[in-house]
Engineer: 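Would you mind keeping the following structure in view while I ask a few things?
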Amino acid sequence: MNILPQSFYERDPKVVAIDLLGKILVRTLRGIRLAGIIVETEAYYGKKDPASRARKGGKLAEIMYGEAGYTLIYGVHGNWLLNITTCPKGIPGAVLIRAIEPVEGIDLMMKLRSVKRLEHLTSGPGKLTKALGITKSENLLPVFSKKSCITIEMGKEIKPSMIGKSHRIGVREDLEEPLRFYVKGNPFVSKTSLRL
DNA sequence: CATATGATGGACT
DNA sequence: GTCCATCATATGG
């Protein structure tokens, strides 16, 4: 259903992060479609980014230097974080999906997370991966490929006036430029982000 | 093999 | 609002 092409991801992480807002993240789990609108993202660079894990080298860095449009799943604080690699091969970059607004398969998501309130279901990077049943085994899937069980589809256009930006969350040293982007007024944007 | 660290979440006051 | 459990990585012995 109108999956975004690989070329979509072969751009600057910041541009991709902004453009990803309003798109549909689709996860096929046991034949069931779980989908949500992306409402919050963060851009990460390579060496020049003090917050990026690519800076420390290791396996993560290799993936960020690799081809665009692949899932990059990484564990922190006992949670899984879903990233999409950006930039052509040889240039490091990634976009972290921080929050989505659930639209399909909500009952299954709530089962996976056992939360009472809908607005707590996917309003955070670790929360949405649990709700979608995403773990390390979903690492390195091409999100531009129809047969992949994680894809990103065309959604609704977000008006530029509806896009807010801020400093990134939970990083020690951030860059000068705000690299976190979100849909203004959306209840599924993570609230923990109020700490600045 | 042991230890430190964090792109966090959730429980609790 | 505050506090701490948690575990995949990275790095050092």
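In the text below, chain A, chain B and the rest are named by the order of the sequence lines, each starting its count at 1. A quick note: this is a predicted structure, and the numbers were derived from the prediction, not measured.
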Engineer: What is the distance, rounded to the nearest whole Å, between atom CD of A/Glu62 and atom P of C/dT9?
Structural biologist: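 My rounded result for the distance is 13 Å.
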
Engineer: What's the closest nucleotide to the side chain of A/Arg53 if the choices are C/dA8, B/dT8, B/dA7?
Structural biologist: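 Within the option list, the nearest is B/dA7.
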
Engineer: Given A/Val95, which of A/Val16, A/Val15, A/Leu82 fulfils the side-chain contact (heavy atoms from CB on, under 4.5 Å) condition?
Structural biologist: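 Between A/Val95 and the candidates, side-chain contact (heavy atoms from CB on, under 4.5 Å) is satisfied uniquely by A/Val16.
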
Engineer: Between A/Asn79 (CG) and B/dA11 (P), how many Å, whole number?
Structural biologist: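 These atoms are roughly 13 Å apart.
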
Engineer: Going by purine N1 to pyrimidine N3 plus the second Watson-Crick contact, or the G-U wobble pair, all under 3.5 Å, which nucleotide sits opposite C/dC4?
Structural biologist: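 Because both required distances fall under 3.5 Å, C/dC4 counts as paired with B/dG9.
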
Engineer: How close or far is atom P of B/dA7 from atom CD of A/Glu40, stated in whole angstroms?
Structural biologist: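 Whole-Å distance recorded here is 15 Å.
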
Engineer: Check whether any side-chain nitrogen or oxygen of A/Arg113 sits under 4.0 Å from OP1 or OP2 of B/dG10, and answer yes or no.
Structural biologist: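 Yes, because at least one side-chain N or O of A/Arg113 sits under 4.0 Å from OP1 or OP2 of B/dG10.
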
Engineer: Would you classify B/dA7 as syn or anti? Syn applies when the glycosidic angle is within 90° of 0.
Structural biologist: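 Syn conformation here, the glycosidic angle of B/dA7 being no more than 90° from 0.
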
Engineer: Send over the distance from A/Arg117 CZ to B/dG10 P, rounded to a whole Å.
Structural biologist: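 Spelled out: CZ on A/Arg117 to P on B/dG10 is 14 Å.
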
Engineer: Can you tell which of C/dT6, C/dA10, B/dA7 lies closest to the side chain of A/Lys59?
Structural biologist: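 Of the options given, the side chain of A/Lys59 lies nearest C/dA10.
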
Engineer: Does any N or O donor sit under 3.5 Å from an N or O acceptor when you compare the side chain of A/Tyr44 with the base of B/dA7?
Structural biologist: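 Between B/dA7 and A/Tyr44, which were checked side chain against base, a qualifying N/O pair under 3.5 Å is present.
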
Engineer: Round to the nearest Å and state the distance from A/Asn83 atom CG to B/dA7 atom P.
Structural biologist: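 Atom-to-atom, A/Asn83 to B/dA7, this comes out as 12 Å.
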
Engineer: Would you indicate which nucleotide in B/dA7, B/dG9, B/dT8 comes nearest to any side-chain atom of A/Ile169?
Structural biologist: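 The answer is B/dT8.
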
Engineer: So, is the end of the A/Arg11 side chain (NZ or CZ) under 6.0 Å from the ring centre of A/Phe8 and within 45° of the ring's axis?
Structural biologist: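 The answer is yes; both the distance and angle limits are met.
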
Engineer: Using a distance-only test with no angle check, is there a side-chain donor-acceptor pair under 3.5 angstrom linking A/Arg33 and A/Thr28?
Structural biologist: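 No - no donor-acceptor pair under 3.5 Å links their side chains.
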
Engineer: For the side chain of A/Trp80, counting heavy atoms from C-beta on, which of B/dT8, B/dA7, C/dT9 is nearest?
Structural biologist: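 Given the options B/dT8, B/dA7, C/dT9, the side chain of A/Trp80 is closest to C/dT9.
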
Engineer: Could you state the CD1-P distance from A/Ile73 to C/dT9, rounded to the nearest angstrom?
Structural biologist: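 Going from A/Ile73 (CD1) to C/dT9 (P), I get 10 Å.
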
Engineer: Do A/Arg168 and A/Tyr44 form a cation-pi contact, if we require the NZ or CZ to be under 6.0 Å from the six-membered ring centre and within 45 degrees of the ring's axis?
Structural biologist: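 Here A/Arg168 passes the 6.0 Å and 45° test against A/Tyr44.
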
Engineer: Can you tell me the distance, in whole Å, between the NZ atom of A/Lys136 and the P atom of B/dA7?
Structural biologist: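 Atom-to-atom, A/Lys136 to B/dA7, this comes out as 17 Å.
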
Engineer: In sequence, state the C-alpha distance, the side-chain angles, and the governing distance for A/Glu40 and A/Ser190, and then conclude on side chain to side chain donor-acceptor pair (under 3.5 Å).
Structural biologist: CA-CA 8 Å; A/Glu40 187 180 353; A/Ser190 65; 3.1 Å; yes

Engineer: Separation of A/His77 atom NE2 from C/dT9 atom P, in whole Å?
Structural biologist: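 These atoms are roughly 14 Å apart.
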
